[in-house]
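Working notes, beginning with the structure itself.
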Amino acid sequence: MSVTAELTNVPSGASDMAHIVLTFDDNKLASALYGQFDENLARLEQKLGVDIRPRGNQLNIRGEATAAEQARRALDHLYAILQKGADLSQSDVDGAIRMALSADDQLTLPTLERKGKMAAAQIATRKRTIYARSPNQDAYMRALERSEMVFGIGPAGTGKTYLAVAHAAMLLERGMVERIVLSRPAVEAGERLGFLPGDMKEKVDPYLRPLYDALYDMMPADKVERAIAAEVIEIAPLAFMRGRTLAHAAVILDEAQNTTPMQMKMFLTRLGENSRMIVTGDPTQIDLPPNTKSGLVEALRILSDVPGIVTVRFNEKDVVRHPLVAEIVSAYDREAKLARGGAVEG
């Protein structure tokens, strides 16, 4: 892909306008980049306030200089994904836009020039490659690479669990760990394990299903089944962790807001030699009995200054599911803030 850029003179006091021309060397990939009926280009125009006109394998981008550069970065990133053989979804396009918007805040030192390319963190397994779709996802993925213990905190749909499992699968494939241990507290809204039919595995499997789903998305199904049978991948409720030391493993605790302080301390102290531990949860979705403290909330407070532990906080802007999910999260957050304000005033 080749790029030419031209700044258009405008009257004094107005923002600089830019005209950027992108030329793609593969017509088939260019067509996939534009999307059906140019829907991906329309999405970029809507979100960034630019005008994008396709002519064969060439795109003309016109608009305010910063916005035009953001569109160029997003298109460059999406085209690179296509070059690696992947397909594009609306979530990929929205993610590229979020990353392009944040890239202007990340200036290269010491010249403080804008970066020419947008570098999104990625997790690659043999089955698929995942790219960061928001600045916080980018920070989270980089933290997973560098830190032995990471907390991913935030609402549903931000990818915190999915990315944790993807990272663990990548570590296993590369031989950096010998096994994966996935766990959740068996606490859900209004239900108790004893009321469910079946043996213990059948009782806890519904609670662990999101972890299974992420695994099957990152690894071939037959490999997942063999790894589970060989206990290379272990999926178990949190209660089964007591008394163990987990060495040479990638260990994930999901839905950690539903742990008690004692359970959380027990889990965190399972960390063994050459292991990575990832804790995910949403403190606004606690299903513990009334007047029971959340182990996640307490751990975030107690461990805030411990070196080597990284906490990444997601918000509604990081939601990568259906756009309505982000709106739902925002609406509930607003309601919670109003409720807290009313309680204070009362």
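Counting begins at 1 with the first residue of the sequence.
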Those residues at least two apart in sequence (or on a different chain) that pass side-chain hydrogen bond (donor to acceptor under 3.5 Å, both in side chains) with N274 are H248
Set of residues satisfying side-chain hydrogen bond (donor to acceptor under 3.5 Å, both in side chains) with respect to T161, sequence neighbours excluded
D254, T280
Those residues at least two apart in sequence (or on a different chain) that pass side-chain contact (heavy atoms from CB on, under 4.5 Å) with T292 are T260, L288, P289
Can you tell me how far CG of D51 sits from NE2 of H19, rounded to the nearest 0.5 angstrom?
9.5 Å
What pair of heavy atoms forms the shortest contact from M149 to L271, and how long is it?
CE-CD2, 3.9 Å
I need the full list of salt bridge (charged side-chain N to carboxylate O under 4.0 Å, His left out) pairs touching residues 124-135, with sequence neighbours left out, sorted by first then second residue.
D92-R133, R128-D217
Test item: R270 side-chain N/O and R244 main-chain N/O as donor-acceptor pair under 3.5 Å
yes
Within the structure provided, determine whether P283 and L296 are in side-chain contact (heavy-atom separation under 4.5 Å).
yes
Going by the rule side-chain hydrogen bond (donor to acceptor under 3.5 Å, both in side chains), which residues pair with E173 if we only count those two or more places apart in sequence or in a different chain?
none
With rounding to the nearest 0.5 angstrom, report the NZ to CD1 distance, K223 to I233.
11.0 Å
With sequence neighbours left out, what residues match S134 under side-chain contact (heavy atoms from CB on, under 4.5 Å)?
R98, N136, Q137, D318
Roughly how far apart are Y34 OH and L75 CG, rounded to 0.5 Å?
9.0 Å
Can you pull out every salt bridge (charged side-chain N to carboxylate O under 4.0 Å, His left out) where at least one residue sits in residues 26-35? Sequence neighbours excluded, please.
none
Answer whether the closest heavy-atom distance between the side chains of Q122 and M170 falls below 4.5 Å.
no
What about L300 and I302, same hydrophobic cluster or not, with Ile/Leu/Val/Met/Phe/Trp/Tyr joined at side-chain heavy-atom distances under 4.5 Å?
yes
Quick test of your reading of the model: are E145 and R142 salt-bridged, counting only N-O distances below 4.0 Å?
no
What are the two closest non-hydrogen atoms of I286 and S294, and how far apart are they?
CD1-CB, 3.6 Å
Return the set of residues passing side-chain contact (heavy atoms from CB on, under 4.5 Å) with P261 (not counting sequence neighbours), or none when no residue passes.
K293, E298
What pairs with M176 under side-chain contact (heavy atoms from CB on, under 4.5 Å), at least two apart in sequence or on another chain?
L171, R174
For the CG atom of L33 and the CG atom of N57, what is their distance to the nearest 0.5 Å?
11.5 Å
Using modelled atom types only, decide if a donor and an acceptor are shared between the side chain of T269 and the backbone of K265 within a distance under 3.5 Å.
yes
State whether the side chain of S147 and the backbone N or O of I309 hold a donor-acceptor pair below 3.5 Å, judged by distance alone.
no
Looking only at heavy atoms, what is the nearest atom pair of L303 and F151, with distance?
CD1-CZ, 4.1 Å
Please round to the nearest 0.5 Å and tell me the distance separating atom CD1 of I97 and atom CZ of R73.
14.0 Å
Nearest non-hydrogen partners of M266 and L238, listed with the distance
CE-O, 3.7 Å
Could you give all pairs that pass the ring-ring contact (aromatic ring centres under 6.0 Å, His included) test and reach residues 120-140, with sequence neighbours left out?
H77-Y131, Y140-F314
Please name the pair of heavy atoms, one in I123 and one in A166, separated by the smallest distance, quoted to 0.1 Å.
CG2-O, 3.6 Å
Would a distance-only check, ignoring hydrogens and angles, find a side-chain to backbone donor-acceptor pair under 3.5 Å from E273 to A247?
no
Sequence neighbours left out, what passes side-chain hydrogen bond (donor to acceptor under 3.5 Å, both in side chains) with Y332? Give chain and number order.
none
Qualifying residues under salt bridge (Lys or Arg N to Asp or Glu O under 4.0 Å), relative to R226, sequence neighbours excluded:
D222
Do you know which two heavy atoms are closest between P237 and S183, and how far apart they sit?
C-OG, 3.4 Å
Can you find a heavy atom in the side chain of L253 that is under 4.5 Å from one in the side chain of L268?
no
Short question: side chain of Q257, backbone of Q285 - any donor-acceptor pair under 3.5 Å?
yes
Just verifying a value: how many Å separate K160 NZ and I252 CD1, rounded to the nearest 0.5 Å?
13.0 Å
